Student: 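Below are the structure tokens for one structure; questions will follow.
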2 protein chains.
Amino acid sequence: MNKTHFRAEILKALGQPTRLKIIDFLRDGERCVCEIFPAIDEEQSNTSRHLNLMVSSGILFRRKEGVKIFYAVKHPEIFELVDLATLIMTQEINGRHKLLLAA
Amino acid sequence: MNKTHFRAEILKALGQPTRLKIIDFLRDGERCVCEIFPAIDEEQSNTSRHLNLMVSSGILFRRKEGVKIFYAVKHPEIFELVDLATLIMTQEINGRHKLLLAA
DNA sequence: CCATTATATGATTGATTAATCATATAATGC
DNA sequence: GCATTATATGATTAATCAATCATATAATGG
């Protein structure tokens, strides 16, 4: 895999609503699957798949403790990146609003 | 569309190799389609579709000049966001390398 | 040892995506 | 007005994706 594909994989892993909800829920630190899936209101199996995908693409890491598996965001820059997306979104919404007002 | 979906759409728009190549090529400023598609080595029609998608998701804007259409990145934060993805990628590669060395 | 709890995974389905070829549209210079 | 250049779009195809249901695995407490 070349670097463009690697970068794309990271961004793609973050560019999905269910996965973004997981990232947001993990802002306060690690959580086990049994906490995550009710919090984001998704099925356990679906949540598990998304968690695994994010581990594979370097977004999350996993820690086992007894029967529970805790997931956490691997790099603090992930949050910065997501926050930038939020900022861009806000600017977009404001820009569109201004256009509507000007029309 | 709610905010989670909006954020996801922005990240997803950036999380595709062909589109990342376009963003990289637009770092120096606006370019017309006829410059972009040879630079990234993709078909004109495919390039056009990706450009349109990024306009729709708020990543790029378009300016018409005669028969040419110039595209440019709409928010400087887009570059910051992509650069963060590159940083995360680098950390991942280094991390994996260290693990291999330690093993 | 068994029942329970936590997590992962196989199989399936419908939806979305990226790429391609062919063609349409639209501006320009002659 | 016509040929040329630049761009967009319809139709198609193969691939990937997200979600779901059912089931498997694995650790724990009693």
Side-chain angles (χ1 to χ4, degrees), chain A residues 1-2 4-26 29-73, chain B residues 1-2 4-26 29-73:
Chain A
M1 187 173 52
N2 67 36
T4 299
H5 278 78
F6 200 145
R7 280 192 303 164
E9 195 190 342
I10 290 170
L11 291 164
K12 189 177 173 187
L14 295 169
Q16 205 278 338
T18 304
R19 291 195 288 270
L20 267 188
K21 283 193 288 176
I22 292 173
I23 298 291
D24 284 337
F25 184 63
L26 293 179
E30 65 171 15
R31 299 280 189 173
C32 68
V33 185
C34 60
E35 292 171 304
I36 298 170
F37 82 85
I40 65 169
D41 195 29
E42 293 287 338
E43 293 229 341
Q44 179 270 322
S45 69
N46 192 31
T47 304
S48 175
R49 282 185 216 280
H50 283 297
L51 291 168
N52 272 290
L53 185 150
M54 288 193 281
V55 169
S56 304
S57 45
I59 306 292
L60 302 183
F61 71 92
R62 206 188 332 243
R63 184 178 69 83
K64 191 172 181 177
E65 188 178 307
V67 74
K68 292 188 181 179
I69 306 209
F70 289 86
Y71 286 87
V73 171
Chain B
M1 188 173 53
N2 68 37
T4 300
H5 279 77
F6 201 145
R7 280 191 303 163
E9 195 190 340
I10 291 170
L11 291 164
K12 189 177 171 185
L14 295 170
Q16 203 279 337
T18 304
R19 293 196 285 272
L20 267 187
K21 284 193 287 176
I22 292 173
I23 299 291
D24 284 337
F25 184 63
L26 293 178
E30 65 171 16
R31 299 280 188 172
C32 67
V33 185
C34 59
E35 293 172 302
I36 298 170
F37 82 85
I40 65 170
D41 195 30
E42 291 289 338
E43 293 229 340
Q44 179 270 320
S45 68
N46 192 31
T47 304
S48 176
R49 280 184 217 279
H50 283 297
L51 290 167
N52 271 290
L53 185 150
M54 286 193 280
V55 169
S56 303
S57 46
I59 305 290
L60 302 182
F61 71 91
R62 204 185 338 239
R63 183 178 70 82
K64 191 172 182 178
E65 188 179 308
V67 72
K68 291 188 179 176
I69 306 209
F70 289 85
Y71 286 86
V73 170

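Every chain is numbered from 1, with letters handed out A, B, ... down the list of sequences. Given the structure is predicted, the values throughout are model-derived calculations rather than measurements.
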Student: When the distance from CG of A/L51 to P of C/dA6 is rounded to whole Å, what number comes out?
Tutor: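 Result: 15 Å.
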Student: Whole-Å distance between C/dT7 P and A/E42 CD?
Tutor: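 A/E42 atom CD is separated from C/dT7 atom P by 16 Å.
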Student: Taking all non-hydrogen atoms of both residues into account, name the closest pair between A/S57 and A/E9 and its distance.
Tutor: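 For A/S57 and A/E9, the tightest heavy-atom pair comes out as CB-OE2, 3.4 Å.
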Student: Which value, rounded to the nearest 0.5 Å, describes the distance between B/N46 atom CG and B/I40 atom CD1?
Tutor: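 B/N46 CG to B/I40 CD1: 7.5 Å, rounded to 0.5 Å.
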Student: Let's see if you can work this out: which of C/dC21, D/dT20, C/dA27 has an atom nearest to the side-chain heavy atoms of A/E43?
Tutor: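 Shortest atom-to-atom distance from the side chain points to D/dT20.
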Student: Counting heavy atoms from C-beta on, name the nucleotide in C/dT28, C/dT7, C/dG10 closest to the side chain of A/K68.
Tutor: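 Comparing C/dT28, C/dT7, C/dG10 against the side chain of A/K68, the answer is C/dT7.
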Student: Could you check whether atom CG of B/N2 has more than 12 heavy atoms from other residues, nucleotides or ligands sitting under 6.0 Å from it?
Tutor: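 Correct, the count exceeds 12.
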Student: Assuming nearest nucleotide by heavy-atom distance, tell me which of A/Q16 and A/E65 is located more 5' along DNA chain D.
Tutor: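 It is A/Q16, whose closest nucleotide lies nearer the 5' terminus.
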Student: Please confirm whether the shortest side-chain N or O distance from A/R49 to OP1 or OP2 of D/dC17 is below 4.0 Å.
Tutor: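 Negative; the distance criterion is not met.
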Student: Give a yes/no on whether any side-chain N or O of A/H50 is located under 4.0 angstrom from OP1 or OP2 of D/dA19.
Tutor: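 Result: yes.
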Student: Measure CD/A/E35 against P/C/dT5 and give the value in whole Å, please.
Tutor: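 Going from A/E35 (CD) to C/dT5 (P), I get 17 Å.
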Student: For B/D41 and C/dT20, what is the distance between atoms CG and C1' respectively, to the nearest whole Å?
Tutor: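 About 15 Å, once rounded to whole Å.
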Student: Atom NE2 of A/H5 to atom P of D/dT16: distance rounded to whole Å?
Tutor: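 After rounding, the reported distance stands at 11 Å.
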Student: Is the shortest side-chain N/O distance from B/Y71 to OP1 or OP2 of D/dA6 below 4.0 Å?
Tutor: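 False: B/Y71 side-chain N/O out of range (4.0 Å or more) of D/dA6 OP1/OP2.
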Student: In whole angstroms, how far is the P atom of C/dA19 from the CD1 atom of B/I22?
Tutor: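 Rounded to the whole Å, the gap is 9 Å.
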Student: For the residue pair A/L60 and A/I23, establish whether any side-chain heavy-atom pair is separated by less than 4.5 Å.
Tutor: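 A/L60 vs A/I23: side chains touch.
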Student: Among C/dT20, D/dA27, C/dA8, which is the nearest nucleotide to the side chain of A/N52?
Tutor: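 Within the option list, the nearest is C/dA8.
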Student: Apply side-chain contact (heavy atoms from CB on, under 4.5 Å) to residues B/I36 and B/L26 and explain how you reach the verdict.
Tutor: CA-CA 8 Å; B/I36 298 170; B/L26 293 178; 4.2 Å; yes
Student: Give the nucleotide from the list D/dA19, D/dT28, C/dA27 with an atom nearest to the side chain of B/V67.
Tutor: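 So the nucleotide nearest the side chain must be C/dA27.
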Student: Within the pair B/T18 and C/dA18, is there a side-chain N or O less than 4.0 Å away from OP1 or OP2?
Tutor: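 B/T18 to C/dA18 OP1/OP2: no side-chain N or O under 4.0 Å.
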Student: Please check the phosphate of C/dA6 (OP1 and OP2 only) for any side-chain N or O of A/R31 closer than 4.0 Å.
Tutor: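 No, A/R31 has no side-chain N/O under 4.0 Å of OP1/OP2 on C/dA6.
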Student: Which nucleotide, C/dA6, C/dA18, D/dT7, lies nearest any side-chain atom of B/C32?
Tutor: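 Out of C/dA6, C/dA18, D/dT7, the nucleotide with an atom closest to B/C32's side chain is D/dT7.
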Student: Is A/Q44 touching bases, backbone alone, or none of the nucleic acid, heavy atoms closer than 4.0 Å?
Tutor: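 Since a base atom lies under 4.0 Å of A/Q44, the category is base.
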Student: Below the 4.0 Å mark, does D/dA27 have OP1 or OP2 next to a side-chain nitrogen or oxygen of A/K64?
Tutor: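 Answer yes for this pair, as a side-chain N or O of A/K64 is under 4.0 Å from OP1 or OP2.
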Student: Would you say a side-chain N or O of A/K12 is under 4.0 Å from OP1 or OP2 of D/dC17?
Tutor: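 Looking at the OP1 and OP2 atoms of D/dC17, one of them is under 4.0 Å from a side-chain N or O of A/K12.
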Student: In whole Å, what is the span from the CZ atom of A/R63 to the P atom of C/dT7?
Tutor: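 Result: 12 Å.
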Student: For A/S45 and D/dA22, is the shortest distance between a side-chain N/O and OP1 or OP2 below 4.0 Å?
Tutor: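 No.
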Student: Check every atom of D/dA19, C/dT7, C/dA18 against the side chain of B/L53 and return the nucleotide holding the closest atom.
Tutor: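 When the side chain of B/L53 is considered, C/dA18 is the closest of D/dA19, C/dT7, C/dA18.
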Student: At 10 degrees resolution, what angle do the end axes of the helix from C/dC1-D/dG30 to C/dC30-D/dG1 form when each is taken over five base pairs?
Tutor: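 Here the local axes at opposite ends form an angle of 20°.
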Student: Please name the pair of heavy atoms, one in B/A13 and one in B/R19, separated by the smallest distance, quoted to 0.1 Å.
Tutor: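 Closest pair (atom of B/A13, atom of B/R19, distance): O-NE, 2.7 Å.
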Student: Rounding to an integer number of Å, can you tell me how far A/I69 CD1 sits from C/dT9 C1'?
Tutor: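 It works out to 13 Å between those atoms.
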